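Written below as structure tokens is the structure these notes are about.
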Amino acid sequence: MTTATQGGTEPGSAATGRERVLTGVKPTGNLHLGNYFGAIKPAIELSHAPGNEVIFMCVDWHGLTNRAHMKESGTYTYSLLATYLALGFRLEGNAIILQSDFPQILEVAWMLACVTNLGLLERAHAYKDAIQSGKDPTCGLFYYPVLMASDILTFDAAIVPVGRDQLQHLEYAADMAGYFNALAGTEVFRKPKPVVQQVPLLVGTDGQRKMGKSYNDIPLFGPAKDIEKRIKGITTDARGLDDPKDPDTCAVFQILSSFAREERIHDMRERLLRGTGYGYGHAKNDLIDAHRETFGAHQEAYEHYLRSPDEMRRLLEPGRLRATELAKTVCSRARDALGLKTLKTLKPS
Ligand code: AMP
Ligand code: TRP
């Protein structure tokens, strides 16, 4: 990872001295190897690094922004949480939280929206793309960057690791923090530091497009037969059993490289280059073995969590409580800066 831009204020969580890292994923489909490679694995690694406090947020409200798929967000939330737990996200000192548990995010989002010019949101890539492709965007899609800025600012996040496509959202979050602070005359929100992940997009089973949901993906968990079928269906070129093959253009190899052990990656590379007696069918069998080795070992834990909502709740509760304290503190800071009152705190100003 490389730091793309530096935010204005000193990062870090005052209580622990560790840098607070916030990541978010929408629960909008079955998780696949592309998600693992680009989002899950880096977040789990960060959760094991002693200098970080990682908050992983399942951003279910963001998942609502596609009208045709509104019911998916609730459906996939549970498996998303179970996946992070099963694959070893370290909860000690870190947290896995659910966005819609935090009404403060919506309140802060509204305050941010009220200091943000319409033009900024009209220039947002996702919104412009939707308009250009003749879609009929909802207010939710238009508001998406405000909600995301609020995710980040409500938890005083110092570092937000994202793919390049999310950089604009990060810049908007820093801009909105700046607008609010300028208006309030005090530093209410910390500007986050975007960290652009240097992870290339993983190709899908069609060997053409990036691995996306359902049409060209390989799931992390599920019946072994389904996973084998997906892997056997990977598109390859017409090179025969004994022809030397190019690992750099071979989807089977690229998919293997996204998660397997170094030794396996090295082995397949050598065999493809040599060619003799090693066809794409062999490579696919090796990929099936590697998948089983990496994810099969956690399949049981995954299924266990899926059957144990109470256990999951118990495990996630300490993180939710810490995050709630944090969100309340930041939200009150913003309310106080604007002089907002509640009936309990009502007094003449
Ligand atoms: P999505 O829900 O498709 O937006 O994916 C959630 C996150 O998974 C993204 O922000 C990326 O970090 C990661 N991701 C999804 N697909 C891929 C892919 N094909 N290659 C690498 N990372 C991916
Ligand atoms: N927009 C992000 C994506 O599509 C998801 C997201 C929502 C997020 N809120 C966030 C990512 C806060 C990081 C931090 O991938």
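Start at 1 and go down the list; that is how both ligands and their atoms are numbered. These numbers were taken from a predicted model, which means no experiment stands behind them.
For atom 17 (C) of ligand 1, the protein comes within 4.0 Å by at least one heavy atom. Within a 4.0 Å radius of atom 10 (O) of ligand 1, the protein contributes no heavy atom.
Between Gln166 and ligand 2, at least one N/O pair is under 3.5 Å apart. Residue Lys26 places no N or O, backbone or side chain, under 3.5 Å from any N or O of ligand 1. Residue contacts with ligand 2: His169 is placed with no nitrogen or oxygen under 3.5 Å of a nitrogen or oxygen of the ligand (distance criterion only). Between Gly34 and ligand 1, an N or O atom pair is found at a separation short of 3.5 Å. Ligand 1 has a nitrogen or oxygen under 3.5 angstrom from a nitrogen or oxygen of Met211. By the 3.5 Å distance cut-off applied to N or O atoms, Val25 is not counted among the residues near ligand 1.
Of the protein's non-hydrogen atoms, Gly38 O, 3.4 Å is the one closest to atom 12 (O) of ligand 1. Atom 20 (N) of ligand 1 has its closest protein heavy atom at Leu202 N, 2.8 Å. The closest protein non-hydrogen atom to atom 9 (N) of ligand 2 is Asp151 OD2, 2.7 Å. Of the protein's non-hydrogen atoms, the one nearest atom 13 (C) of ligand 2 is Gly24 N, 3.4 Å. Of the protein's non-hydrogen atoms, Met148 SD, 3.8 Å is the one closest to atom 6 (C) of ligand 2. If you check which protein heavy atom lies closest to atom 2 (O) of ligand 1, you get Lys213 NZ, 2.6 Å. Nearest protein heavy-atom contact of atom 12 (C) of ligand 2 is Leu22 CD2, 3.8 Å.
Atoms NE2 and CG, from His291 and Leu220 in turn, are 6.0 Å apart once rounded to the nearest 0.5 Å. One distance of note links OG1 of Thr236 with CZ of Phe253; it measures 15.5 Å at 0.5 Å rounding. Here the OH atom belonging to Tyr305 is positioned 9.0 Å from the CE atom belonging to Met312, to the nearest 0.5 angstrom. The distance from the OG1 atom of Thr23 to the CD1 atom of Ile159 is 12.0 Å, given to the nearest 0.5 Å. A distance of 10.0 Å separates CZ of Phe56 from CG of Leu85, quoted to the nearest 0.5 Å.
Interface of Lys26 with ligand 2, defined as ligand atoms under 4.0 Å from a residue heavy atom, comprises 4 (O). Under a 4.0 Å criterion applied to the non-hydrogen atoms of Ala39, ligand 1 contributes the atoms 7 (C), 8 (O), 12 (O). Of all the atoms in ligand 1, the ones that sit under 4.0 Å from a non-hydrogen atom of Leu201 are 18 (C), 20 (N), 21 (C). Close approach to Asn35 involves these atoms of ligand 1, each under 4.0 Å from a residue heavy atom: 5 (O), 6 (C), 7 (C), 8 (O), 14 (N), 15 (C). Shown in contact with Tyr144 at under 4.0 Å from a heavy atom are these atoms of ligand 2, numbered in order with element: 1 (N), 2 (C), 3 (C), 4 (O), 5 (C). Atoms of ligand 2 found under 4.0 Å from any heavy atom of Val160 (numbered from 1 in listed order, with element): 13 (C), 14 (C).
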Item to complete: Would you sort out whether His169 and Val162 count as a side-chain contact (heavy atoms from CB on, under 4.5 Å), showing the intermediate values?
Response: CA-CA 10 Å; His169 285 144; Val162 285; over 6 Å; no
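Looking only at side-chain heavy atoms (C-beta outward), Cys250 and Tyr280 come within less than 4.5 Å of each other. You'll find the side chain of Lys41 stays beyond 4.5 Å of the side chain of Val199, heavy atoms only. Between Tyr172 and Thr116 the shortest side-chain heavy-atom distance does not fall below 4.5 Å. At least one side-chain heavy atom of Val108 sits less than 4.5 Å from a side-chain heavy atom of Phe189. The shortest distance between side-chain heavy atoms of Leu147 and Gln99 falls below 4.5 Å.
Looking at Asp289 and Arg292, a side-chain N of the basic residue comes within less than 4.0 Å of a carboxylate O on the acidic one, giving a salt bridge. Taking the charged nitrogens against the carboxylate oxygens, Lys225 and Glu228 have no contact shorter than 4.0 Å, which rules out a salt bridge.
Under a 4.0 Å heavy-atom criterion, His32 is in contact with ligand 1. For the pair Val199 and ligand 1, no heavy-atom separation below 4.0 Å is found.
Ring geometry, His282 versus Tyr278: the interplanar angle falls under 30°, so the pair is classed parallel (tilted spans 30 to 60°).
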